[in-house]
Every structure is written in C-alpha cells, then in structure tokens.
Amino acid sequence: MTDTVTGTLPASEQCTITVGGMTCAACSSRVQRALETTPGVSTANVNLMTGAATVRFDPGAVSLDVLIARVRDTGYDASLPDPGATPETTLDAQDAERAAEDRSLRRKFAVSLALALLTTIVGLFPGGMSGEATGSAALLRWLQLALALPVVLWAGRHFYVRAWLAFRHHGADMNTLIAVGTGAALLFSIAMTVGGGWFASHGIAPQVYYEVVTWLIAFILLGNWLEARARTRTAGAIRALAGLRPATARVLRDGNEVDVPLAELRVGDVALVRPGEKIPADGTVLDGSSHVDESMLTGEPLPVPKAPGDAVTGATLNRAGAFRFRVDRVGRDTVLSRIIGLVQQAQASRPPIQRLADRISGVFVPVVMALAVATFVVWYDLGPEPRLVQALVSAVTVLVIACPCAMGLAVPTAVMVSTGRGAELGILIRGGEALERAEGIDTVVFDKTGTLTAGHPALATVHGGGRVLALAAAVERRSEHPIAETIVAAARERGMQLPDVAGFAVHPGKGVTATLDGRHIAVGNRALMDAERIPVGTLSAEADAQAARARTVVYVAADGALQGLLAVEDPIKRESGDAVRALQALDVQVVVLTGDSRATAEHVGRAVGADRVVAEVLPEGKLAEIRRLQAEGRVVAMVGDGLNDAPALAAADVGIAMGTGTDVAMETGAVTLMRGDPRTVVGAIALSRRTMRIIRQNLFWALIYNALGIPVAAGVLYPLLGLRLSPVLAGAAMALSSVSVVSNSLRLRSFHVA
Ligand code: ADP
Ligand code: MG
C-alpha cells in the first residue's frame, strides 16, 4: 500500500485509514477537511460508504500517528489496517464492522421503539400530557421523563456526542440538527416537569414532549439501521466475488494427493481439479483437458476449452473434465484478488459530481439552523397560543426534516452498486471519475486487432515455399506481435527447427529485422520494405490479391532481395457488427484505427459498419489521431488490448482495455473489459450513463425533499390551510428519504449488457 516517490518531488506516501462511525456526507467531509488541513498532507479522500480515508502525505512532515489523532479528534474512530491485509481480509473486517453496526442499531431502535410506545401510552392518561398541575399529572410527567432518559442517554447518545465534537471543531452536521432538535424538546419538557408547579402558578399549563423526543430518536435510528442494511447490500457484488474462491486446494505433496487450505497453496504446486470443482488459483494446465466456466470473472457465458499449456484462473468453475495444473500465482497476485482490489478502490472513489453534493451539504446545516431560529421567532411573535410551545415544536420539525442524509448517500451508493454490478459483468470501471467521463463518450476508437477482430490471426498462404516460412519464423520467434505468434506457430506445426538469430530489432508498426547466418532478414509490411529499400514489384499482383481478401501481407526479404510473402487472416469477431450498431444507436461514432494496410482495414470497417477507418498508422500516429479527435471537441474512448496500446489508452478520455479471459493488463485502462466481446464496450457506456442518471435523480430527490419539506415544517401552509407537520412525521419522512435514495441506487443491480 506504500509507494514512495523520489526525485525533485517531495517524498510522499499513501496510507489508508479505517474511519468508524461516519453516518452522513457532513461527517465524511468533516474528516476530509481535518485531514486536508493537516500540514504535510497533500491529498485526502474520505469515503462514507467504505469507511476509509486514503491519504497522501509527506512522511517527513507528518506521521501516521498524527493522522490517526486528527481523525479521532473529529469524533470518529480511526485505525490503520493491518499491513498484511489482502483485499479479502479487509473485506472480512469491513463485514464484521458492518454486522456489528447493524446489530447495535437494531438493538437501539428496538429499545427506543418500545420506550416511545410506553411514553405515548403514559401521555394518553388523562391530564398527563397537558393541563393541570395536579399531583397525578406531575407524576405521569416524571414517569415519561424516566422512560425517555434511556432513549436519549443510551440509544441516541452518539448523536449528542458527535454533535458536541463537531461543535468543538466549529462544525455542524446532521448530528447537530438531531441533537439540537431533540435536545430543545427534551430540555423544554424537563423544565416543565421539574418546575410544573411554578409554571402553573404563572398561568402556563405544563406541557411535555417526551414522546416527540423518543419517537424522533427511534425513527432516526430506524432510518440509520435501514440505511446500514441497504449499504451492506450495495457491497454485495464484491462480497460475492470474494466468496468465489474455494476454501481448499487438492495438491500433490510427496507424491500424495492432499487437501490444503488455500493459504498454504504455493507457487509451483501441482494442483488437481476434478469435474464440478472450482479452480483454486491461477496457473497453467499440465495434463488433462476440460471446459471451464469463467463467467464469474469475465461475464463470458460460454465455457472455455482448456488443454495442456492453457492458462486457468482461480475461482472459475471446472465443468466436465479433470486436469492437473501448475500454480503460477496465489494470494493477492491472483486475477481474482486484483479484481477485488480494483473494485474496492473504484467503490471508494468519488466522481466529480460528488463535489456538488458536498458543497450543498456544507452550507446546508448552518442554513437550516438559521431557518429553525427564524421559524421559532416568527411562530413566537405571530403564532397561536401557547406560543412558546408552538414555536419550539415548529423549529424542532424544521431541524429534523432537514437532515441531509439522503444527500450524502446520493452519489456513493450509486457508484458502489454500479461498479460492483459492472464487475459481475466483466466490466471493471476504475472509479467514479472514469464513470462520469464515460457517460459523455461520443466517439469510440477501436484498435482493430484483438478488439473487432479475434487478434489471433491464422496463416492463410505462403508464397515462396517452406524456406520463406522458416526464415520468417526464425526472426518472428523474438517478437510478441500476434502476427509473429501466428507465423511461429505455423512453422512449428510443420515441424520446422527455428535457428537462433542475432541483432533482432522491432520496427513498430512495420515489422522485424535480424541477422541469420550473416544475412540481413526483414519481415514486415510494405512500409518496412520501403524503409529497407527493397522493391516489392515482383510480388505486387500476389500482394494485391491477398489484400483484396482482407488478409495482411507480410513480406520476407533477405539481404535486400524479396524472397516471398505470407498472408495472415484475422477473422472478425461475431459480435463486432452488433456492437458497432449498438454504439451508433447511442449516438456514438465508431472509428477503426490500425497499423494494418488500408485494404484490410477498410474491409473490416465495412464488415462491421464503422463510421470511419484510419489505417497504416504507426503507434505514435494512434496517439496523434486520438488527440486530433479530442481537439475537435469529441469525448473519445479508445479500445485496445491494454498491452501495447497503453499510450493511446492513456491519452483517450476513457481508455478501455479489452482482454480475452484473463490476459488483460487490468491496471492500464480507465475501464477494463474482462471479456473479448466488443458488446461489453456498449455495456460500459450504457452502465455509466445509467449510473449518472441515477445519481442525478438521487440528488434531485434529496434536494426536492428538503426544499419542500423545510417550508412545510416551518409552517408556511399553516396560515392558509391550517396544515402543520408534526416532528414525529418529519422524522419518519427523513428516514424514508434516505431509504428511497439507497433503493434507487440498488436498481442498478439489475443492469444488463444489452
Ligand atoms: P495494429 O495493432 O493496429 O495491427 P501494429 O502497429 O501492431 O498495428 O502493426 C501494424 C502493422 O505492422 C501490421 O499490420 C503488420 O503489417 C506490421 N507488423 C508489425 N509487427 C510485425 C511483426 N512482428 N511481423 C510482421 N509484421 C508486423
Ligand atoms: Mg497492436
């Protein structure tokens, strides 16, 4: 978790602090401010949903202990995660914490509810709630006080403690509203209880509001409890991912098959997988064969055939066959762990739109306090008798209905559910910012090879005989280009021995050269031949014929003389046409970008229905093309394989790294697609659009709710319609609004790739 930057930059380290007890946006922004204003801290990112603060700081200027102390000072819990923690163990810790929170809120709610009922019943006795200062009425008031005290001092204690801590730091949050609201009603009632006789002798009938206090706290606890439960559900996707891994692995130890716990699995172990079992870790098949269901990681529904030499991924499900494999990666290096880590980071990240919600929440509490005071003053001056009581009740109602909880949940719940759902579908979105940028994509550039085409070309023809293939393969053996792999595989299939070459050189976008037996060999496209000043005229008819069939021509030359050519054919993926059409239906322009020849590229472009084809570009040219589109004001997504397209992916507004199965550079793009299906590109864009729509709905409803609720609570409808809101009802409405925002976000769980 620690990375150090050296050089001219000030040294900086990053740490993640677990923060406990945050319940609303105002809470997290208070912790955020506390961290940001600490000298030595460059950035802080506090997330309400995950209860974590990611802090980048200068270790020379500030220590971890100081950071922890700063958070604790704000009234929240802070601790450092265990350094040996893997994404899963952090997840377990978070789960345990959530479960404990859930239990505690439920208990507190149940007790408050029971006491609120009792307080109300006692209040219903004749003369209890209002009226005379008779002995029995006074006794009932004392009884109500006794019932209300545990609710305030135990169940609702944390509201007051946090409000006080916020106050000490010149802050105010939703706890302030709750504490001031219920506190005012409570103190008023206590005064009436203790000094009932005195008030009565001065002509004021003693009136108490214990049931308002107890019901309010009960409702707010109910809201918090439902919210905590819903939040747990928003994390369901990632827990499901973590739950995919089997508990044990069957390995060969000293020639015996033994079951070992996953933690004891080592790289190099030989593991056995029987039909219907989950694969325990990432590795390479040694013998046997089977079909493996990888849908849990890639979203790919069809089982993938596996034979010796193929890679298998931990947590995927073996179907009918049995096989043995060598374990290559365990623990946090596995694909599953990396996915979980990425999703956790994504879920904890804040999209730029969150700043809007933060700004609103920031001014909200002080504004509401002012409105409550104004409400009190107006009711006290102009309202009906008993004025003090009416003014107090109205002010309390304003404070309660204005709690900005729904506002705080609007963005993070949606980000959480959406990134989690994405992961289930094999769409890894790197975070809130990527999500928000992906919404605006209006141009998708496909790096042709491996995205729209299979990326595993087949050798179609050899012109010039086996000698040409052998020459080409000997040089290509050193290259990692898909064309190279094809040529080498074809030569090996034909039983050719590939001699070693010297002076191997890659010419990006053109081909490769090397020296073999003292001869200078060049293998590549027309551009390479031109660069090497090798005339290709003798084979131009053959080359044109191959190009017309959408094949890629690879020339082979030795010592400046053309020896022959190979043609490879990269089949277009079945889903490519559908994907392009679906993108166009979303008003997205589709561009095919490739280093391949114009004829081949145009063939592919036509076949899939792309809007534009840009061919024969060198790798730098791809970057320039992206920049050119951006200069036109377009929001560009670049889809590549993430391995050799990294610069173009980074330059695009949204880089989309597409893999087949598990050979993806997951950390490269803003979005990683685990599956080689181009339709998932459409899915990623659609998911981001849908998420942003949900976020805006959430913000709108949270705002509208307060915008309408506050005036009604203040009593603007009273002079006209005689309508008022009771504080208890306001408490119930507040709980409901948070729950409805969370439920709206949970709708994203049903998202499907069309
Ligand atoms: P793309 O990924 O768009 O296909 P590349 O830059 O990888 O573009 O390759 C562009 C072209 O350069 C290929 O179509 C091929 O003609 C040629 N080329 C690149 N590398 C090799 C290689 N190792 N062997 C033969 N040709 C190559
Ligand atoms: Mg390429």
Side-chain angles (χ1 to χ4, degrees), residues 445-460 462 468-469 471-491 498 501 504-514 521-532 534 536 539 543 546-547 550-557 562-573 576 591-605 608 610 612-626 638-649 657-658 665 676:
V445 178
F446 282 97
D447 178 54
K448 185 205 73 174
T449 316
T451 63
L452 294 172
T453 65
H456 306 291
L459 184 64
V462 180
V468 168
L469 178 60
L471 265 185
V475 182
E476 293 285 25
R477 193 153 66 103
R478 308 280 303 273
S479 164
E480 278 161 3
H481 201 275
I483 292 180
E485 285 172 13
T486 306
I487 293 174
V488 173
L498 304 180
V501 296
F504 174 78
V506 175
H507 306 267
K510 295 176 183 163
V512 289
T513 55
I521 314 291
V523 184
N525 57 15
R526 177 69 195 263
L528 182 69
M529 296 301 123
D530 289 349
E532 299 265 316
I534 299 163
V536 294
L539 287 177
Q546 295 299 333
R551 291 172 177 168
T552 300
V553 175
V554 180
Y555 296 94
V556 182
L562 197 60
Q563 307 295 308
L565 62 77
L566 314 170
V568 298
E569 191 167 1
D570 188 6
I572 295 170
K573 288 179 190 168
S576 294
V591 179
V592 176
L593 184 62
T594 181
D596 212 338
S597 75
R598 181 157 312 282
T600 315
E602 298 217 309
H603 174 88
V604 173
V608 300
R612 226 152 59 77
V613 174
V614 184
E616 295 176 12
V617 277
L618 297 179
E620 317 84 82
K622 293 187 178 174
L623 230 154
E625 181 63 23
I626 304 273
M638 164 89 190
V639 189
D641 57 20
L643 297 169
N644 50 23
D645 301 318
L649 289 185
M658 179 186 265

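What's counted below: heavy atoms across the whole structure, side chains too, no hydrogens, waters or symmetry copies. Note that ligands are numbered from 1 as they come in the structure, with each ligand's atoms numbered from 1 the same way. What you see is a predicted model; the values in this text were computed from it and never measured.
- Taken to the nearest 0.5 Å, the CD atom of Glu569 stands 7.5 Å off from the NE2 atom of His603.
- Considering backbone and side-chain atoms alike, Gly595 places an N or O below 3.5 Å from some N or O of ligand 1.
- Of the N or O atoms in Ser479, one or more lie within a sub-3.5 Å distance of an N or O in ligand 1.
- A distance-only check finds no donor-acceptor pair linking the side chain of Lys573 to the backbone of Gly455 [under 3.5 Å].
- Here the shortest heavy-atom distance to atom 20 (N) of ligand 1, taken over Glu616, Glu485, Glu480, His481, belongs to His481.
- Between Arg612 and Glu625 there is a salt bridge, since a side-chain N of the basic residue sits under 4.0 Å from a carboxylate O of the acidic one.
- Note on ligand 1: Lys510 sits in its first shell, one or more heavy atoms being nearer than 4.0 Å.
- Rounding to the nearest 0.5 Å gives a distance of 10.0 Å between CD of Gln546 and CG of Leu566.
- By the 3.5 Å distance cut-off applied to N or O atoms, Gly509 is counted among the residues near ligand 1.
- Checking only distances, Glu476 does come within under 3.5 Å of ligand 1, N or O to N or O.
- Ile626 contributes atom CD1, which lies 6.5 Å from atom CG of Leu593 (distance to the nearest 0.5 angstrom).
- Here Lys622 has side-chain heavy atoms under 4.0 Å from ligand 1, and that is the only part of it that gets that close.
- Looking at residues two or more places apart in sequence or on another chain, you find no side-chain hydrogen bond (donor to acceptor under 3.5 Å, both in side chains) involving Thr594.
- Residue Val512 approaches ligand 1 through these ligand atoms, each under 4.0 Å from one of its heavy atoms: 23 (N).
- Val568 meets the side-chain contact (heavy atoms from CB on, under 4.5 Å) test with Pro457, Leu459, Ile483, Thr486, Thr552; sequence neighbours excluded.
- Contacts between Asp447 and ligand 1 below 4.0 angstrom, taking non-hydrogen atoms only, involve the side chain exclusively.
- Below 4.0 Å from some heavy atom of Thr594 lie the following atoms of ligand 1, by number and element: 1 (P), 3 (O), 4 (O).
- Counting heavy atoms from C-beta on, the side chains of Val523 and Thr513 never come closer than 4.5 Å.
- Contact annotation for Thr449 and ligand 1: only side-chain heavy atoms (C-beta onward) come within less than 4.0 Å of the ligand.
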